[in-house]
Amino acid sequence: MASPFYLTIKGKFVIADKEPDGDSVRFIADDPDLYQELQRNYRIKPSRDRSVQLRFEGIDAPEVHYGRYAQPLGDETRDFLLKKMGFAKIKFQGDRVQSADPDTISGVILTQAADVNGRPISYALIGKNAAQLENGDWTQVEPELLRQTLNFLMMAEGRAYYTVYTSTPRSHRQVLREAALAAREKDLGVWAADSTSESFGMSVAIKRMVN
C-alpha cells in the first residue's frame, strides 16, 4: 500500500499569549501562501500575528479549556507536549501562556487539508526530524516518518487517544492504533485513569471530514 503525500510547511510554533493544549498549538508559516494548496484552504484565517491554530492529526488529548468542565490530565498532557517541543519556564495566567523560553520553536507541519474550523490537520515535527524536509514539497509520509512526529509521540506515551478522520490513511491508522494499544497495555498517561473497555470502547473515535 503506497503511503500518501502531505504538503511540507516550515515555520515556527508559538505559544506566548496563546492557549495551547495537548493536541493543538498555533503555528506561523514561513510562507503562508502554501496554505492555498490545501483542501478547504478558504477556511484558514491567520490571526494578526500570522499564526493559525493547528489540529493534530490522529490524536485527541484531554481538554483544558472547558473551565470547571476541563477533563482530567488536561493540564498535564498540554505541559508534556510543550516540554517535548522544547518550551521551558512557561508561565500561565489561567490557560493562557504569559511567557516561555524560547518564545517560538522552529518546525514543520505535514498537512493535506483544513478542518471545518479552519485548522490545518497536521502532523508536527521539530528538530532534526523537521530539518530533513524541504519547504513546499509534497512529502510521502511513510510509517518511519510518521513515527518521528509529535503526534506519534503523544500516542506512544499514552498522552492522547486514537481519534482519526475518515480521510486518515489506513496505513497511518494502523501505526497510530498500534501505538495506542501498546500505551494502554502499559497503563501510560491517560490509560492509567481510563475505565473504558479493553476493546477501546469509547476511547476510540472516527471524525467525519465535512466539506
Side-chain angles (χ1 to χ4, degrees), residues 1-9 21-25 27 37-41 43 53-63 71 73-74 77-78 80-81 84-85 107-126 129-130 132-133 137-211:
M1 182 186 301
S3 297
F5 287 81
Y6 285 70
L7 181 62
T8 301
I9 302 179
D21 58 27
D23 55 26
S24 185
V25 296
F27 180 77
E37 299 187 36
L38 302 181
Q39 298 176 44
R40 288 170 292 279
N41 61 74
R43 295 186 180 273
Q53 190 77 21
L54 302 177
R55 179 67 177 89
F56 280 13
E57 172 76 273
I59 70 173
D60 189 21
E63 297 290 345
Q71 296 172 331
L73 302 181
T77 299
R78 172 201 61 199
F80 177 87
L81 172 63
K84 289 298 182 180
M85 293 180 76
V108 160
I109 61 172
L110 297 167
T111 179
Q112 296 176 325
D115 69 6
V116 295
N117 296 311
R119 302 174 299 180
I121 303 165
S122 306
Y123 291 118
L125 299 100
I126 57 173
N129 295 328
Q132 65 183 327
L133 303 176
D137 279 359
W138 282 89
T139 300
Q140 191 170 20
V141 180
E142 299 178 337
E144 181 180 358
L145 180 58
L146 178 56
R147 292 186 180 96
Q148 297 173 10
T149 65
L150 291 169
N151 312 55
F152 180 85
L153 171 67
M154 295 296 286
M155 192 76 76
E157 294 291 332
R159 300 291 176 163
Y161 293 110
Y162 169 86
T163 307
V164 296
Y165 291 92
T166 54
S167 57
T168 305
R170 185 180 303 175
S171 60
H172 292 187
R173 294 186 193 192
Q174 181 177 353
V175 171
L176 294 171
R177 191 172 189 277
E178 287 175 354
L181 284 167
R184 180 161 190 159
E185 287 281 330
K186 299 174 184 177
D187 286 332
L188 297 178
V190 297
W191 299 113
D194 192 281
S195 59
T196 51
S197 74
E198 289 300 321
S199 62
F200 266 9
M202 296 299 292
S203 299
V204 171
I206 295 180
K207 296 186 176 183
R208 183 170 299 280
M209 182 67 73
V210 178
N211 292 326

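- Contact between Arg173 and Thr166 at its shortest, heavy atoms only, is NH2-O, 2.9 Å.
- Across Asp21 and Arg78, no two heavy atoms sit closer than the pair CA-CG, 3.8 Å.
- Under the side-chain contact (heavy atoms from CB on, under 4.5 Å) criterion, Gln53 pairs with Ser24, Arg26, Arg119, sequence neighbours left out.
- Put simply, the residue from Val175, Leu125, Leu145 that forms a side chain to side chain contact (heavy atoms under 4.5 Å, CB included) with Phe152 is Val175.
- Partners of Gln174 under the side-chain contact (heavy atoms from CB on, under 4.5 Å) rule, at least two apart in sequence or in another chain, are Glu178.
- Distance alone, capped at 3.5 Å, is enough to place a donor-acceptor pair between the Arg40 side chain and the Ala114 backbone.
- When all heavy atoms are compared, the tightest approach of Asp115 to Arg43 is O-CD, 3.4 Å.
- Between the OH atom of Tyr165 and the CD atom of Gln112 there is a distance of 12.5 Å, given to the nearest 0.5 Å.
- Residues that satisfy the side-chain contact (heavy atoms from CB on, under 4.5 Å) test with Asp187, not counting sequence neighbours, are absent from this structure.
- Legend: residues meeting side chain to side chain donor-acceptor pair (under 3.5 Å) with Tyr123, ordered by chain and number and at least two apart, are His172.
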(message) Show, in sequence, the C-alpha distance, side-chain angles and deciding distance for Leu81 and Met154, and conclude whether the side chain to side chain contact (heavy atoms under 4.5 Å, CB included) test is met.
(response) CA-CA 7 Å; Leu81 172 63; Met154 295 296 286; 3.9 Å; yes

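- Looking at Thr163, Thr168, Thr149, Asn151 one by one, the single match for side-chain hydrogen bond (donor to acceptor under 3.5 Å, both in side chains) with Glu57 turns out to be Thr168.
- Rounding to the nearest 0.5 Å gives a distance of 7.5 Å between CD1 of Ile109 and CG of Leu38.
- Heavy atoms only, all atoms of each residue included: Ala180 and Tyr162 are closest at CB-CB, 4.1 Å.
- Of the listed residues (Asp137, Thr139, Thr111), just one forms a side-chain hydrogen bond (donor to acceptor under 3.5 Å, both in side chains) with Thr8, and that residue is Thr139.
- Phe56 pairs by the ring-ring contact (aromatic ring centres under 6.0 Å, His included) definition with nothing, not counting sequence neighbours.
- Between the side chain of Ser122 and the backbone N or O of Pro120, at least one donor-acceptor pair lies under 3.5 Å.
- Separating the CZ atom in Phe80 from the CE atom in Met85 is a distance of 12.5 Å, to the nearest 0.5 Å.
- Of all the heavy atoms in Met155 and Ala183, the pair that sits closest is O-CB, 3.6 Å.
- For Asp60 (side chain) and Tyr161 (main-chain N/O), no donor-acceptor pair under 3.5 Å exists by modelled atom type.
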(message) Is there a side chain to side chain contact (heavy atoms under 4.5 Å, CB included) between Gln148 and Gln132? Walk through the geometry before answering.
(response) CA-CA 12 Å; Gln148 297 173 10; Gln132 65 183 327; 2.8 Å; yes

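- Considering all non-hydrogen atoms of both residues, Ile59 and Gly22 come closest at CD1-O, 4.1 Å.
- Among residues two or more places apart in sequence or in another chain, the side-chain contact (heavy atoms from CB on, under 4.5 Å) test is passed with Lys186 by Leu188.
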